[in-house]
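Heads up: the structure comes next, in structure tokens.
Residue numbers start from 1 in every chain, and the chains themselves are labelled A, B, ... in the order their sequence lines are given, proteins ahead of strands.
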Protein chains: 2
Amino acid sequence: MGNEVQEPKDLDGGAALADDELIRSGRDADVTRRALVRAARRRFATEGYRATTVRHIAADAGVNVALINRYFGSKEGLFEACMNRTVDELDPQTRARAASVDEVIARLLAHVVEAPNADDPLQLLLLLRSSGDENADAIRRRTLERFTEQLAAAAGWSADDPASQPLLLRAQMAIALMLGLVMLRTATEVQPLASASADQLTEPLEQVLRVLLDSRGK
Amino acid sequence: MGNEVQEPKDLDGGAALADDELIRSGRDADVTRRALVRAARRRFATEGYRATTVRHIAADAGVNVALINRYFGSKEGLFEACMNRTVDELDPQTRARAASVDEVIARLLAHVVEAPNADDPLQLLLLLRSSGDENADAIRRRTLERFTEQLAAAAGWSADDPASQPLLLRAQMAIALMLGLVMLRTATEVQPLASASADQLTEPLEQVLRVLLDSRGK
DNA sequence: CCTGCAAGTAAACGATTGTTGACATAGGTA
DNA sequence: TACCTATGTCAACAATCGTTTACTTGCAGG
């Protein structure tokens, strides 16, 4: 009873962004929550779930450790919050009906390689990190599968036509390529891939993604 | 002094294989060592370094926990041994001069997708798992880079010609695709990719790999 | 002003983890 | 047989981690 998790008040109805570089001046539970999720997501994505300690997250966020349990119940709760937030930020982009395969490819490249926001690739990395928690892992899997379907849909996939089912596999290969790429660039930091510029990566990636997703051949 | 790590006697000069399903009957240090590496590699690859406990590894190998420290010095030492063994098993296959790009592609597919030995994909997964140890991570990075060069070499890369340098990036993209694929299939187990048969994967993968590695165009 | 509650802090607890040292045992050798 | 060393076992250690509890601080409304 007493140890009920405080639910976020969801007073985010205002400007949905401007999470960047928020200063924790006064005492504001929402700001604290966001700072925690932000710090946690970075740690979880780059170092994995188990290697990340709640004390590190709290230190990154400039916040007391106990607040993690106060606001998210547990470390797993925080991880799940990170996952949900990644889903929320990824979903509108995949939901937005893509006019063409080229548009889908352009969006993918923007997220993975061009990286206007340095945290964008990390969001994808989160989809590879397992907490061991059954609940969070289910979210992760479902997100990837939904991601697949919408990628395939943009490439002309139809649920009715069984002949287009291999397209689902092709879409997942595209995702595998993207995730592997971010992994090698961000976590492993293997050269020369890690320090390659967006320009160097764009052309071959476009080529490959088109082969995978475009039914019009090459 | 007393706590010196016992070096493997390297009396593996005999048949290099036959590690499969070895029975620990008498007390044999080499058999124990191999059983530990075998069990550890599976755990490390599927669950990551931090999530694996030495007690789990020992239990899997049917061995007392303390023997890990006796034979490998530490958990990190065991991890490094796993890494080295993966390198040793991967190296001759990449060293063997490939006659053509098709041959390289065929080898890749055999390891990743067709999987005659169920542990083969796991070897690759190890290259994505970080222990946080500087030493083991260096091995990991260097292995991936050597892997890249030999893949690129088979595709016609020459160190002299700066114009062929983008081929290194393409080779690493191929590796990224393979690693991402194994990750999604083995660790995340996302559908339908995880339960897809080798036949379903071979054709599109061949197609993509050829685009990445074959300079003769499509 | 002061009172009440949310926000934040500090310290400690229990569980788990990697590791170690003392002890037991098998098996070859003199 | 009687060692002696390599091999394996057992129990406990210190450190770390997630979590909880009791306490303090700041802010808003009477």
Any idea which of [options] is nearest the [X] side chain?
| X | options | answer |
| --- | --- | --- |
| A:Asn69 | D:dT20, C:dT9, D:dG8 | D:dT20 |
| B:Asn64 | C:dA7, D:dT20, D:dT9 | D:dT9 |
| A:Arg27 | D:dG8, D:dG26, C:dT19 | D:dG26 |
| B:Lys75 | D:dC10, D:dG8, C:dG18 | C:dG18 |

Inset, instruction - Return yes if some donor-acceptor pair links the side-chain N/O of B:Gln172 with the main-chain N/O of B:Leu169 below 3.5 Å, else return no. - result: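 Answer holds: no.
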Legend entry - D:dG8 phosphate, OP1 or OP2, under 4.0 Å from B:Thr32 side-chain N/O: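 For B:Thr32, the contact criterion (side-chain N or O under 4.0 Å from OP1 or OP2 of D:dG8) is met.
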Inset, instruction - Would you mind reading off the distance between A:Phe72 atom CZ and D:dT20 atom C1', rounded to a whole angstrom? - result: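 Value for this atom pair: 18 Å.
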Legend entry - Sorted by number, the residues of residues 48-55 of chain A with heavy-atom contact under 4.0 Å to DNA chain D: A:Thr52, A:Thr53, A:Val54, A:Arg55
Legend entry - Any residue of residues 128-138 of chain B with a heavy atom less than 4.0 Å from an atom of DNA chain D: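 Correct list: empty, so none.
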Inset, instruction - Give a yes or no on whether a salt bridge exists between A:Asp119 and A:Arg38, defined as a side-chain N under 4.0 angstrom from a carboxylate O. - result: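 Looking at A:Arg38 together with A:Asp119, the answer is yes, because their closest N to O distance falls below 4.0 Å.
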Legend entry - Salt-bridge present (B:Arg85, B:Glu89; N to O < 4.0 Å): yes
Legend entry - Criterion salt bridge (Lys or Arg N to Asp or Glu O under 4.0 Å) on B:Asp60 and B:Arg42, from CA distance to verdict: CA-CA 10 Å; B:Asp60 289 351; B:Arg42 260 207 280 257; over 6 Å; no
Legend entry - Partner set under salt bridge (Lys or Arg N to Asp or Glu O under 4.0 Å) for B:Arg140, not counting sequence neighbours: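 Partners of B:Arg140 under the salt bridge (Lys or Arg N to Asp or Glu O under 4.0 Å) test: B:Asp137.
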